[in-house]
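All remarks here apply to the structure that follows.
In what follows, every chain begins at residue 1, and chains take the letters A, B, ... in the order their sequences are listed.
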There are 2 protein chains.
Amino acid sequence: MARAPTTSDVFNAIAEPRRRQIIELLTQHKQLAVGAIVLALGLPQPAVSKHLGVLREVGLVTVSKQGQSRVYEVQHEQLRSVYDWVKMFERHWDHQLDRIRARAEKRALEQKTQPDLPGTGVEPV
Amino acid sequence: MARAPTTSDVFNAIAEPRRRQIIELLTQHKQLAVGAIVLALGLPQPAVSKHLGVLREVGLVTVSKQGQSRVYEVQHEQLRSVYDWVKMFERHWDHQLDRIRARAEKRALEQKTQPDLPGTGVEPV
DNA sequence: GAATTATATTCCCATATGGGAATATGTCAA
DNA sequence: TTGACATATTCCCATATGGGAATATAATTC
């Protein structure tokens with residue numbers, strides 16, 4: 001099998017940095033025409049249209065015609081699947097940080113106990 | 001330019017469902033040898049090894065040799081970049097849900113006010 | 001209708017994919 | 001050493017990518 005299409009789900013769609021930028025932009029401005037996005041990102045118009053197409057296919061944005069321009073809007077709910085997935089692991093990196101902090105404190109304590117011992121000349125990280 | 005490699009960052013690495021499964025598995029069991037993952041996922045061993053390779057390259061897992069098997073472990077901190085990014089939009093889908101709820105309540109109220117009016121025969125969604 | 005503006009679509013290509021199949025590497029045991 | 005086991009690597013291929021370039025479509029104005 002080949003790599004899953006970018007349009008297959010939200011995870012694949014947001015893997016592309018430019019598409020994340022577009023989502024951020026649309027979050028700030030609520031609504032934007034394609035031209036505005038082109039200006040903001042400095043990408044060629046066809047590239048932007050294609051990215052918007054991907055985002056549309058996974059439901060991350062919606063369009064509405066407005067004169068001769070098309071106005072895009074984010075649908076943030078679609079990001080919940082990603083959010084829910086990563087959130088599963090929140091407490092794990094908290095614990096990890098705790099461990100790191102604990103080690104740092106222990107190290108600091110040892111520093112106080114026996115300070116400035118001439119050693120290998122290699123400083124601990 | 002072509003699509004960014006799966007190893008280019010965490011976003012690309014976790015776009016693949018099997019790799020997310022591996023992360024979930026390693027979260028449950030703290031440590032697992034490749035063989036155990038192969039059994040759990042029912043994937044061919046080379047496929048698993050390759051997925052682990054991608055996860056290793058982006059720092060999402062670490063290995064340690066243990067006899068003739070290699071034991072993998074998740075490094076959840078690497079998921080923070082993803083978490084931080086989606087979390088930016090948390091309040092937005094909350095608001096969206098509020099709006100949906102508000103609309104539902106408004107609709108319910110209207111139902112009570114003028115119930116069972118003979119209409120078009122088309123029920124509102 | 002013709003010209004202009006805004007956006008989408010098509011065709012191109014270098015690059016990567018995930019899994020299949022086969023093989024290489026590494027580690028233990030006898 | 002030889003063999004058995006665990007894992008990684010290599011080669012293969014159909015499929016998709018993101019952007020470049022050019023073109024098609026659609027709406028507006030003259």
- [ ] Could you tell me whether the phosphate oxygens of C:dA8, OP1 or OP2, come under 4.0 Å of any side-chain nitrogen or oxygen in A:Y72?
- [x] yes
- [ ] Would you tell me whether B:H51 and B:R18 have side-chain atoms, one donor and one acceptor, within less than 3.5 Å of each other?
- [x] no
Task: Distance-only side-chain donor-acceptor flag, B:W93 / A:Q75, under 3.5 Å - done: no
TODO: Tell me which residues in residues 10-21 of chain B put a heavy atom below 4.0 Å from DNA chain C, sorted by number, or none.
DONE: B:E16, B:R18, B:R19
Open item on the list: I'd like to know if the side chain of A:R3 pairs up with that of B:N12 as donor and acceptor (distance under 3.5 Å, no hydrogens or angles considered).
Closed with: yes
- [ ] Identify the residue among A:R80, A:Q78, A:E24 that makes a side-chain contact (heavy atoms from CB on, under 4.5 Å) with B:F89.
- [x] A:E24
TODO: Identify, with sequence neighbours excluded, every residue that meets salt bridge (charged side-chain N to carboxylate O under 4.0 Å, His left out) alongside B:E90.
DONE: B:K87
Any protein N or O atoms within reach of nucleotides 25-30 of chain C? Criterion: under 3.5 Å, listing atom names and distances.
residue	atom	partner	partner atom	Å
C:dT27	O2	B:Q68	OE1	3.1

- [ ] Mind running a 4.0 Å heavy-atom check of residues 46-64 of chain B against DNA chain C and sending the residues that fall below it, in number order?
- [x] B:P46, B:K50, B:H51
Open item on the list: Looking only at side-chain N and O atoms, does A:T27 offer a donor or acceptor that is under 3.5 Å from a partner on A:H76?
Closed with: yes
Open item on the list: Using modelled atom types and a 3.5 Å cut-off, is there a donor and acceptor pairing between side-chain atoms of A:R19 and backbone atoms of A:I14?
Closed with: no
Open item on the list: Counting only heavy atoms and a strict 4.0 angstrom limit, can you tell me which residues of residues 35-45 of chain A come near DNA chain C?
Closed with: A:G35, A:Q45
TODO: Could you check whether B:A4 gets within reach of a base, just the sugar-phosphate, or nothing at all, counting any heavy atom under 4.0 Å?
DONE: nothing
Task: Leading and trailing nucleotides of DNA chain D with any atom under 4.0 Å from heavy atoms of chain A - done: D:dA14 to D:dT28
